[in-house]
Asker: 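My questions all concern the structure below.
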Number of protein chains: 2
Amino acid sequence: MTMQDARTRDIGWHKSYLTGSRPDLRVPVRQVHLTNGRDVALYDTSGPYTDPTVDTDVRRGLAPLRESWIIGRGDTEEYPGRPVRPEDDGLKDTSPRGGLRNLDAVFPGRPRLPRRGREGAPVTQLGYARRGEITPEMEYVALRENVDPRVVRDEIAAGRAVLPANVNHPEIEPMIIGKRFLVKVNANIGNSAVTSSIKEEVEKMTWATRWGADTVMDLSTGRNIHTTREWVLRNSPVPIGTVPLYQALEKVDGRAEELSWEIYRDTVVEQAEQGVDYMTVHAGVLLRYVPLTARRRTGIVSRGGSIMAAWCLAHHRENFLHENFEELCDILAAYDVTYSLGDGLRPGSIADANDEAQFAELRTLGELNTIAKRHHVQTMIEGPGHVPMHKIKENIDLQQEICEEAPFYTLGPLTTDVAPAYDHITSGIGAAMIAWWGTAMLCYVTPKEHLGLPDRDDVKTGVITYKIAAHAADLAKGHPGAQEWDDALSDARFEFRWEDQFNLALDPDTARAFHDETLPAEPAKTAHFCSMCGPKFCSMKISHDIRRTHGGGDPDAGADGSAAEIEAGMAEKSREFAAAGNRVYLPLAD
Amino acid sequence: MTMQDARTRDIGWHKSYLTGSRPDLRVPVRQVHLTNGRDVALYDTSGPYTDPTVDTDVRRGLAPLRESWIIGRGDTEEYPGRPVRPEDDGLKDTSPRGGLRNLDAVFPGRPRLPRRGREGAPVTQLGYARRGEITPEMEYVALRENVDPRVVRDEIAAGRAVLPANVNHPEIEPMIIGKRFLVKVNANIGNSAVTSSIKEEVEKMTWATRWGADTVMDLSTGRNIHTTREWVLRNSPVPIGTVPLYQALEKVDGRAEELSWEIYRDTVVEQAEQGVDYMTVHAGVLLRYVPLTARRRTGIVSRGGSIMAAWCLAHHRENFLHENFEELCDILAAYDVTYSLGDGLRPGSIADANDEAQFAELRTLGELNTIAKRHHVQTMIEGPGHVPMHKIKENIDLQQEICEEAPFYTLGPLTTDVAPAYDHITSGIGAAMIAWWGTAMLCYVTPKEHLGLPDRDDVKTGVITYKIAAHAADLAKGHPGAQEWDDALSDARFEFRWEDQFNLALDPDTARAFHDETLPAEPAKTAHFCSMCGPKFCSMKISHDIRRTHGGGDPDAGADGSAAEIEAGMAEKSREFAAAGNRVYLPLAD
C-alpha cells in the first residue's frame, strides 16, 4: 500500500489514493492535513469529481475502471442487447405532444454493448467468493474498510455481505454492505410525474455522493426513466439501485392490473443491461397477506407494495414476482445484479409497527433469500418504516434470524409520526439504533419526506443526518478505526485548532460558516476561546491551564504523567500556582 | 373539568384551558380542530402569549397566577430583601465607561418584595408532598399530564419527580419533571461577553416556549446578568434555571481563585429572591477528582466544573460548595428552589465517556441528593455529555441506582464528535435513547453547539429536535395518551387531510411551507396524492382503494370489518373490481 501524495496543505485536505496489489486498484480517501502536521484519511464516496487531476465531463461519463477486471475474468460476453423502445421512456404515446421530444437528451457518451455471463451463467461476487476467489473488487473494499480481503470474501460467501457491482456498471468504485463493515447510507433521487429533470437528477447524484452517500437509488417515475437512468449510471461512482416495478407500471400507463411477468422481466433486462447494481423486488407481497393490512391505521404505504397488492387483488392470483422468482434469479445472476428484497408491507405509522402483515412478509423474504442464494444472487433485505424505539430491536433480530444474517437495509425507521418537515431527525434516531444493532445499510430520509420532493439542500441534510447515524453506529459497534475520527476532531477542539475542526467535520462548509457568524474575523480561528462562553468562561481554556499547572510535563504532548505523579505534584503545584499570581487564564494571543 | 370553547375553526386550532377544582386553576392546551369534526388537545408550553384574549406586555410581565396559592398556604412572608448592587449586573467598575449605563433597562413592572419561608423554614413541594398534601401546583400538573393527582404527590414525595416553582416566580404554569411523566425539554438562552442583548434573551425565551421548551435556563455570563434575568423571569410562563456560579465569577472579575462561599451564597440569595426555579450547583467537583481528568482527551468541558476545579487547585482546598452544602440546602428550601446537581466532570468527547472522573462525581452527587432530600429540597441530577450509543444505558442505570431514582436531566448525550453544525442531531439520537431508558428532562443542543451562539432559528431547531426525542421516548415508554397524537396525524395523512397534518405537526409552519414548495396551489391541499409520487404512484391512494374494494364497509369509517369477513369477501370483491373496470386509482378531485 502506498500513499500518493501531492499535498496541498493550504486547502486543508486533498484527494489521495491507496493502491492495492495492481496499479489500477486505487482506493480514494479524503486526506485531511492537520495543522499539527498529522494526517487523517477519511472514507471517500465522492468519486473522481473531487480529484482535480481528473477531467470529468457528464456528457462523456466516468472512466470504466472495473472494465479490465470484468473482461479479465473471461466469464462474460457482449451481446446486441434489447433494443431501446420509446415506451422505455414512458413515451408509448407517439402523438406530437407525447412523442420523442426528449431524444436530444439521449446520453452521448461512448457506445457500448451490454455484457452478461456467458450463456447466461452466474457471474456474481457471491459465486466467486464461494469458490474461494478474492476478486479485485473484494480487494478494493478490503483496502477501503481496512480489513483483511479474506474477511470480505468470507462475509460475501456466507451471504452476510453484498458487493453490488453489475458487470454493466464498470464505472463504480466498489463498496460493501454488511454488518461486519462500516454502516452504509443510500440516498434516493428520481424525477416524478410532477416535477424534476434529467440534469437535476444527475446533479443530485453527484451532490449526494459528495456528502457521503454510498449508494444511490434512482426512483424516477415520470417520463424519461430510461434516459435519466443512463445519465445517472454513466456518471455514478457508487452503485445504483432501482425499483423496476415503477418503470414497468409506466409501460402499462399506470394500470396495475395490466402488469405482467413479461413486462416486468423485460424491464429488469433493460435495466440490467444498463448497469443497475441492485433492484428492489416486491416478491414478498403475497395475496393472502393483503387482507392483513385492511385494518391497519395507514394500510400499505410502500409504492411497490401497494402496486403488487392491487395486482394480486385484481387478478385474485399470486404475486407474479413470487411465482417467477427463480427465473428472475437467473437473470440477475447473469449480470450480478443484487437483490434488495422489498418490504412492501412495511408499517407507515407508529400504530402499524411490527404487525402481522409486516412479519408475515418478512418470513417470505427469508424463504426468497434462500432461493436467491441457491442461484448465487447477492441479496439484502429491506426493512421498515415507522417503528417506535422499543419495537426496533425486534425488527433486526427477527430479520437476522429469518434471513440467515443477510444484510438488512432499512428506511429509518421513523420513531414518531408527529414531526413532518423533520423526518430526517425522527428517522435518524431510529436509523442509528437499528444500525448499532446490525443493520448494514440505511436508506436516508430527507426533511421533505411526506411533504414534497427533496431539493439540493434536502438531499444534503438527509445524507449528513444519515452519515451521523451510520458513524454513531460504527462507534457503538466498536468498528476498528471508527473512533480515530472522533478523537482527531476532539483533539483539535480541545487544542483550539479551529481549521482542523472544520476540515475534519462531516460538513466543513457549514461548521465554518456557523463559527464565522458569531466571530467572523480571521484571528478568531486561532483564538483560544470561542463565542459561546467568551474568554473568561472557556472551560477548555481553564482545563488546559489545569493540565499545564497540575498535570505535569508539556501540556501540548497530551497527558503523559501517571495519576500518581500528578497527585504527588499537586501540593507543590498549588504553591506554584499561587506564586504565579493565581492566573487561571492564559494571556490571549490576540 | 370543563372545556372553554371559543372555537375558531378557521385557523385550525385555538388556545383552550382545562379547569381544575378551583376557577383559578386553568391548564392551557393547544386544541387542534380537525376537518373531520374531531378535536385533539396537545400539551402547551407557550404561555399566555398564544392566547388572543390575554393582553401581554413584556414591560409589565405576566400575571402572577400562583400568587394566591402561595399566599394562601400561609407559610411564607415578604421581606425587604437583599439590595440590588451594581456588581449584580457586572458593573463593579463604576467609571463613566463601565458604570450604570444600563439603568434604563431596569424592569419597569409592578414593584414587589421577595418572599421566603417564615423564619427561613422549608416551603417546598417536596415538603408538602411528604405531608400528604396535594397542592394546587400538583393538581395543575396532574391535569396537564392526565394522571391522578395522588400519583404526582407520591412521585414528588419519593424524590422521583420535581415540580420547580420558586415562591418568587408566581408567573409560571406549573410543570413536573420525573420519569413517570412526559419527558421534558430545556432550552438554554443567555447573553455572553461577546454578544447579545436583554431584548434578544426575552425573545429567545418566549420563542423557545412557543415551540415547546418546558423550562429555560438563563446562562448569561456578560454584563446585565441581574437585569436580564429579571426581565426573563417576569415574562416566563415556564420555570427558569440558572448556574449561579457564572454570575458569582463575574462579581470577582473572572478570577476563579477569588471566589468564595460568601460571594456564592450572596448570589444564590439574589437569584432566589428574583424567582429562579432551579439552580445548577457544581458541588460534586471534588479536589481529589480533578487529577482524574488530567489524562482525558478533552479535560473538563463544563464551565462550572472547570471553574470549581481551578478554585480547588488554586487553594488546594475542598470545593466550597461541597463544604457548605447543608447551608445551601436551607437557603434553597426557604424559596423552593430546586437543585440541579451539576455534572462538572461530564465527558466532552467520545473518548472520555463513562470514565473514572465522571462516575466518581456521580457517586458524590448521590450523597448530596440524600442530604438535599433531608432538607426537603427538590433535587434532580445532571448528566452527560458526549457518550457513544453503547455506553448510554450505563449512565441512566447508574444514576438511577446511585441517586435513588431522582430525576435525571441530561445534555444530549452526543453520540459522535464528528459533526459540528449538526450536534442537535448527534445529540438528539442520544437524547431519545436515554429518555426512553428513564431520563426525565433533556437539555437541548442547537446546531451552533461548539461553534457559536444560537440565534432564533437555532433555538427553534434545537427545541423541535428535542421535542421529537422526548416524544419518541414517551411513545417507547408507553406513556398513556402519547400515541394518540401520532395516530391522529397518521389518520390525517392516510386520509389526505393536509390541513390537519399541518395543524397537528410539531412545526405546522415548516410542514406547510415544505408542502407548498412543490405543490403550492390551494387545491393541492385537498388532493388525494402528493408531490413525491404523483397521482399514479400514490401508495396511500392505492391502499384506500384496496380497503374500499376489499376491506368491506365504508372506507372513511376506518377498518371495522373483521379479518374473517374481509377474507370471505375477497373472491367476490375481486370480481366486482374487474367488473368496475379494474380502476385502482380514484378520480382526482381537481
Asker: Counting heavy-atom pairs under 4.5 Å with chain A, which one of B/T465, B/D507, B/I392 comes out on top?
Answerer: B/D507
Asker: Tell me, out of B/L506, B/T416, B/D486, who's got the most heavy-atom pairs with chain A below 4.5 Å.
Answerer: B/D486
Asker: Side chains of B/D487 and B/S490: donor-acceptor distance under 3.5 Å anywhere?
Answerer: no
Asker: I'd like to know if the side chain of B/H315 reaches the main chain of B/E257, judged simply by a donor and an acceptor atom lying under 3.5 Å from each other, with no hydrogens or angles considered.
Answerer: yes
Asker: Tell me if a side-chain donor or acceptor on A/D458 pairs with a main-chain N or O of A/D455 at a distance below 3.5 Å.
Answerer: yes
Asker: Taking every non-hydrogen pair under 4.5 Å, which of B/A419, B/G428, B/A432 racks up the most with chain A?
Answerer: B/A432
Asker: Using non-hydrogen atoms only, which part of B/S302 is less than 4.5 Å away from chain A: side chain, backbone, both, or neither?
Answerer: backbone
Asker: Would you mind telling me which of A/A513, A/A472, A/A511 has the largest number of heavy-atom pairs within less than 4.5 Å of chain B?
Answerer: A/A511
Asker: Under a 4.5 Å cutoff for heavy-atom pairs, which residue among B/D491, B/L219, B/T510, B/T426 has the most contacts with chain A?
Answerer: B/D491
Asker: When only pairs under 4.5 Å are counted, which of A/T415, A/I468, A/L414 shares the most heavy-atom pairs with chain B?
Answerer: A/I468
Asker: Measure A/D423 against the heavy atoms of chain B and call it side chain, backbone, both or neither at under 4.5 Å.
Answerer: side chain
Asker: Would you say the ring centers of A/W485 and A/H471 fall short of 6.0 Å from each other?
Answerer: yes
Asker: Answer with yes or no whether the side chains of A/D352 and A/H386 bring together a donor and an acceptor at under 3.5 Å.
Answerer: no
Asker: Which class fits the ring pair B/F502 and B/W498: parallel under 30°, tilted 30 to 60°, perpendicular over 60°?
Answerer: tilted
Asker: Considering only heavy atoms, which portion of B/I464 lies under 4.5 Å from any heavy atom of chain A: side chain, backbone, both, or neither?
Answerer: side chain
Asker: Just give me the residue among B/A431, B/A482, B/A351, B/P388 that pairs up with chain A most often, heavy atom to heavy atom, under 4.5 Å.
Answerer: B/A351
Asker: Would you indicate whether the side-chain heavy atoms of A/E517 and B/K448 approach each other to under 4.5 Å?
Answerer: yes
Asker: Do B/H424 and B/E449 touch side chain to side chain, with heavy atoms closer than 4.5 Å?
Answerer: no
Asker: With a 3.5 Å distance limit and no angle check, can you tell me whether B/D417 reaches the backbone of B/I350 through a side-chain donor-acceptor pair?
Answerer: yes
Asker: Do A/V290 and A/L313 have side chains that get closer than 4.5 Å, going by heavy atoms?
Answerer: yes
Asker: Measure B/P508 against the heavy atoms of chain A and call it side chain, backbone, both or neither at under 4.5 Å.
Answerer: neither
Asker: Output the option from A/A421, A/P447, A/G478, A/A476 having the highest count of non-hydrogen pairs under 4.5 Å with chain B.
Answerer: A/A476
Asker: Need one label for B/A473: side chain, backbone, both or neither, based on atoms under 4.5 Å from any heavy atom in chain A.
Answerer: both
Asker: Does any heavy atom of chain A fall under 4.5 Å from the side chain of B/I429, the backbone, both, or neither of them?
Answerer: both
Asker: At a heavy-atom separation under 4.5 Å, does B/D509 approach chain A through its side chain, its backbone, both, or neither?
Answerer: neither
